[in-house]
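Below: one structure, written as structure tokens.
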Number of protein chains: 2
Amino acid sequence: MSITIKDIAKQAGVSISTVSRVINGSKPVSNEIRQKVMQIIEETGYMPNPIARSLVMKKSQLIGVVVPDISNTFINEILSGIEEIGRMYNYDILLCSTYGDQEQELRYLNLLKAKQVEGIVFMTWELDEKLIKYISNIDTPVVLINRNTDKLEIPSVSIDNFKAAYEITEYLINKGHKEIALMRRQGHDAFSLRIYEGYKKALEDNDIPLNENIVYEGEYKIEKGYELTEKLIEGKNVPTAIFASNDVMAIGAINALFDNGYNVPNDVSVVGFNDIELSSIYRPKLTTIHQPIYDIGAVAIRMIIKKINEEELDCNIVELPHDLIERESVKSIK
Amino acid sequence: MSITIKDIAKQAGVSISTVSRVINGSKPVSNEIRQKVMQIIEETGYMPNPIARSLVMKKSQLIGVVVPDISNTFINEILSGIEEIGRMYNYDILLCSTYGDQEQELRYLNLLKAKQVEGIVFMTWELDEKLIKYISNIDTPVVLINRNTDKLEIPSVSIDNFKAAYEITEYLINKGHKEIALMRRQGHDAFSLRIYEGYKKALEDNDIPLNENIVYEGEYKIEKGYELTEKLIEGKNVPTAIFASNDVMAIGAINALFDNGYNVPNDVSVVGFNDIELSSIYRPKLTTIHQPIYDIGAVAIRMIIKKINEEELDCNIVELPHDLIERESVKSIK
DNA sequence: TTGTAAGCGTTATCAC
DNA sequence: GTGATAACGCTTACAA
């Protein structure tokens, strides 16, 4: 059996409240007694039981993090930010990976609530009405990552996806490309839509007609990027450029091109979205939209902590700055 | 304020013990009362407070996981295994990332102990005496990942690194290579040593003299692989093959080779170790030692759970099977 | 400045 | 079968 505050009190010949006071510095304690108690704590290696403490204080010092897939590079870079900043504020991270299954998401949200987490950082591929409703009604603070809800007042952090999509599409156009395939996520979540809109607007503003035959939908998986590109190739529909709304898909696309005898960027230009670590590792290095991934996590957890402390958020929807990173996967065809 | 067992008891007109019994099924309760209580629980959406429960049961249902770097692909694939299996047994994962800092490791180990985790899965780049001593003395069950301690009885799970290193070195030899550079982790932990020994033994058994000028040490980082390879190139010391004891380093090496005008595998063959996802994504696809990464995590957490339940472990040191995966980064020069 | 005691939400022991 | 009640280890009025 582990050593408790009682033992310390007994050994020091004081009451447990006094011991509690020296531990928490909550009320003045005479120097003499403090010294003694501290010494005994030191000697015995006593550590307060955080569970008991949580029970009385109604604070678990836990933040739940729900993500669709831990092994996704983009996500675990966000996780780093969350973890590191959370730790600074003395919060621990309870990790849940949903693998994109919505039932699972709901179940975890519930589980975390039951576990008394003080806040939840939530990330999903697809934010539908059911989820939004659930999150709106929950009493635990939630912040969304990379998914915002337009109308609703659920806090979120992301970049300006519309603008980013617009920029990178226009970049391709400025390089002389007119046939630009888009690979976006299937489904109709706000995020995916935003990307699509940015893409369409850029085409429109540059008087390029939208060709719906070369906008594809699929999950954010490398295999999907590969598969979709093979379809493009089989259909003899190979455009001069591909905009994949996710780096991993972009790399899948490059692989498919490569395996079918196409050279990137000489035959086809490819751009991605996110700037995961792999993007600069891969050859050709990927031209992409850089998101401040780590910061997204860091900001999200700061928001959660603020909400936990019932501080006012400066802004409910934060959009961090992004950059267009030119590397080697695009060629000018002017 | 959240709803408690008391409220349920009151509403149902029974005692809290009865409610507790229907929740836990710990003792028989008349059907009538059970129905009623269940219904009220349903209606109110009551959830037992796990913190209070933990306090009395002295079980936190938490498993601590300490890893050097969440964003490392190898590691977060292990994490998936841990998370998934842990969840099956109703354990939650408390995540700590140490960034390889030993002080941090010790601090987290302590923190987790304080947090009352029931077991710890520990992964480190370098397992030194201090750490071993600490782990041996701690009363919380610990299992090590990918690092074993030779003599000690701390449970661990990994592959047979000596054998794997031997195999892949011999594979290169059988392909006609005689100058095989080794990139291994700096430091003298058992893991790195095992790799080195496997490498040396394979050379020895094939009558190839060891050339210490082409065994390099560095961290498991892509930049390090790059840097080390550039050194090889600058020194005009380019071997016919490179064995990097980590896929990420191997890819760094390939990049350096590529950027300096060498072709892989035509000019230089490169092999890695681990078979992270990237290895099959990258072009050329990397020939490497496949570790059952997910399973390593899964087995580790099962071991922890067994130890928590004080079941006997079949085996303290488990070594999972590995494979040599032939892909595209090696060329025969017979 | 210090101690006493109530209470946090449960489970478990004991009577009934 | 069911209900009091102690206990888990701690914080925090309230008293002294």
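A note on names: the letters A, B, ... follow the listed sequences, proteins ahead of strands, and every chain is numbered from 1. Every heavy atom of this structure was used, including side-chain atoms; hydrogens, water molecules and symmetry mates were not.
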Heavy-atom donor-acceptor pair, Ser54(A) side chain to Pro50(A) backbone, under 3.5 Å =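 Yes: the side chain of Ser54(A) pairs with the backbone of Pro50(A).
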
Keeping the roles fixed (side chain from Asp295(B), backbone from Ala298(B)), state whether a donor-acceptor pair exists under 3.5 Å.
->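 Not confirmed, Asp295(B) side chain does not pair with Ala298(B) backbone.
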
Base, sugar-phosphate, or nothing for Pro50(B), non-hydrogen atoms under 4.0 angstrom?
->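 The answer is nothing, as Pro50(B) stays clear of every strand by at least 4.0 Å.
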
Would you find more than 12 non-hydrogen atoms of other residues, nucleotides or ligands less than 6.0 Å from [X] atom [atom1]?
| X | atom1 | result |
| --- | --- | --- |
| Lys36(B) | NZ | no |
| Glu42(B) | CD | no |
| Glu311(A) | CD | yes |
| Tyr89(A) | OH | no |
| Glu103(A) | CD | no |

Strictly by modelled atom types, are Thr18(B) and Ser15(B) linked by a side-chain donor-acceptor pair under 3.5 Å?
->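 Checked: Thr18(B)/Ser15(B) side chains pair up, N/O donor to acceptor below 3.5 Å.
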
Would you say the side chains of Gln39(B) and Gln35(B) form a donor-acceptor pair under 3.5 Å?
->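 Absent: no donor and acceptor within the cut-off.
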
Answer yes or no: is there an ion pair linking Glu126(A) with Arg185(A), defined by an N-O contact shorter than 4.0 Å?
->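 Looking at Glu126(A) and Arg185(A), the cut-off is met.
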
Cationic N near anionic O, under 4.0 Å, Glu83(A) to Arg87(A) =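 So Glu83(A) pairs with Arg87(A) through a salt bridge.
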
Please enumerate all protein N or O atoms sitting under 3.5 Å from an N or O of nucleotides 12-16 of chain D, with distances to 0.1 Å.
residue	atom	partner	partner atom	Å
dA13(D)	N6	Arg21(A)	NH2	3.3

Atom-pair distance ([atom1] on [X]; [atom2] on [N]), nearest Å:
| X | N | atom1 | atom2 | result |
| --- | --- | --- | --- | --- |
| Ile8(B) | dG9(C) | CD1 | P | 13 Å |
| Lys10(A) | dG3(C) | NZ | P | 15 Å |
| Met47(A) | dC10(D) | CE | P | 12 Å |
| Arg53(B) | dG9(D) | CZ | P | 18 Å |
| Ile51(B) | dG9(C) | CD1 | P | 11 Å |
| Gln116(A) | dG9(C) | CD | P | 9 Å |
| Ile23(B) | dT10(C) | CD1 | P | 7 Å |
| Asp7(A) | dC8(D) | CG | P | 11 Å |

Chi angles and distances behind the side chain to side chain donor-acceptor pair (under 3.5 Å) call for Glu105(B), Thr124(B) = CA-CA 8 Å; Glu105(B) 292 176 332; Thr124(B) 177; 2.7 Å; yes

Considering only side-chain heavy atoms of [X], which listed nucleotide, [options], is closest?
| X | options | value |
| --- | --- | --- |
| Ser15(B) | dT11(C), dG3(C), dA4(D) | dA4(D) |
| Val14(A) | dT10(C), dG3(C), dC8(D) | dG3(C) |
| Tyr46(A) | dT11(C), dG1(D), dC10(D) | dC10(D) |

Tell me which residues in residues 29-42 of chain B put a heavy atom below 4.0 Å from DNA chain D, sorted by number, or none.
->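 By residue number: Val29(B), Ser30(B), Ile33(B).
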
Distance test, side-chain N/O of Lys58(A) to OP1/OP2 of dG9(C), below 4.0 Å =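 For Lys58(A), the contact criterion (side-chain N or O under 4.0 Å from OP1 or OP2 of dG9(C)) is met.
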
Using the C1' atoms of five pairs at each end, what's the angle between the two axes of the helix from dT1(C)-dA16(D) to dC16(C)-dG1(D), to 10 degrees?
->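 Its terminal axes enclose an angle near 40°.
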
